[in-house]
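Here's the structure we're looking at; comments come further down.
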Amino acid sequence: MHAITIPKPGGPEALVWAAVPDPEPGPGEVVVEVRASAVNRADLLQRQGQYPPPPGAPAYPGLECAGVVAALGPGVTGWAVGDEVCALLAGGGYAERVAVPAGQLLPVPAGVDPVDAAALPEVACTVFSNVVQLARLAEGETLLVHGGGSGIGTFAIQLGVALGATVVVTARATKHERLRELGAAHAIDYREQDFVEEVRRVTDGRGADVILDIMGAAYLPRNVAALATGGRLVVIGMQGGRKGELDLGMLLAKRASVHATALRSRPVAEKAEIVRGVREQVWPLVESGKIRPVVHARAKMADAADAHRLVESSDHLGKVLLVR
Ligand SMILES: NC(=O)c1ccc[n+]([C@@H]2O[C@H](COP(=O)([O-])OP(=O)(O)OC[C@H]3O[C@@H](n4cnc5c(N)ncnc54)[C@H](OP(=O)(O)O)[C@@H]3O)[C@@H](O)[C@H]2O)c1
């Protein structure tokens, strides 16, 4: 088969479409014939040599895919060759075929295009595990989503709204209109406005109950300042650095909490648990049309370098797909 390889880490040109050995399904695994994958921010770091695949994961980038079940390994039940699926991967999505633990497969939701389904697994699992399972966002609460126009952000807006929360986002101004269409009640231009002031203004001084953060250190003090009493800050990205100052006095006075999580390195059993939760609680929202994949562009998988340039520019809104 062919896959995107990274013979030498570097810029987008480091991505090379090359012939590689076919994957074999191990016990409990399924081989998926890939129709499409999607670019995640983490793939850019992997390409630069800064985010190596976890042990046992395929060497090629790609944290999610959609396609058709092509082969079953020993012990797999509940799936059959020919099933239309999408999957959460530890790597290897930028390829014609990928082996994946069966617990990380999801059916293509009814009503979703089988290629666009590649836009869902990583964002659904990340947002669900953090905003629902960890931060326990409740109806009537306020969710602040940093980077509302990201793949993660566009999904978080829709899930927050579906759960009955008021969603506030930060994003560059050109993305605000589309983010309001997706359900954001307020959009903050982080380049011109102070998000702490804005969040306080739109919540009558209360602050945000849950913050989904991708900026890390750069936003840590202001995120804690923007939290409501009992608020939960969940950091999933470090685009603004990894070491910041945490005002424990403010956290204590607010009885608030700070969490940080990564999905890719979790054990297979934990990923299966998250995927099960997504199938039970999120897929019905997708099938009813309350949540839709937000696809900015489709590129040919062999032209992954162009797709990486686009995502690096952040000019996209939602997901950029890589199609065979
Ligand atoms: N921990 C995990 O398990 C996990 C899983 C998946 C993703 N992530 C993280 O989640 C983040 C989003 O991933 P993605 O693939 O969806 O990324 P993406 O589509 O490439 O989006 C990145 C976003 O960052 C925004 N941004 C840049 N500077 C900002 C700032 N100062 N304030 C607010 N937003 C800013 C950009 O928005 P503008 O155009 O508006 O500037 C852009 O929409 C990444 O940091 C990624 O590493 C973590």
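Note: hydrogens, waters and symmetry copies are ignored here, and every other heavy atom, side chains too, is used. Keep in mind it's a predicted model, so treat the numbers as computed, not measured. Order of listing sets the numbers, starting from 1, for every ligand and every atom in it.
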Problem set entry | Over all atoms of both residues, closest heavy-atom pair of Arg324 and Lys300 | O-NZ, 3.6 Å
For this session: Determine, for Arg178 against Glu181, whether the closest basic-nitrogen to carboxylate-oxygen distance falls under 4.0 angstrom.
Result: yes
Seminar exercise, completed: Between Ala305 and Pro12 the two heavy atoms that sit nearest each other are CB-O, 3.3 Å
Exercise. Can you pull the residues with any heavy atom under 4.0 Å from ligand 1?
Worked result: Asn40, Arg41, Glu122, Thr126, Gly147, Gly149, Ser150, Gly151, Ile152, Thr170, Ala171, Arg172, Lys175, Tyr190, Ile214, Met215, Tyr219, Ile236, Gly237, Gln239, Thr261, Ala262, Leu263, Val311, Ser314, His316
Exercise. So does Asp116 pair up with Lys319, basic N to acidic O under 4.0 Å?
Worked result: no
Problem set entry | Charged N-O contact under 4.0 Å between Glu197 and Arg200 | no
Exercise. Would Glu312 and Arg309 pass as an ion pair if we require N to O under 4.0 Å?
Worked result: no
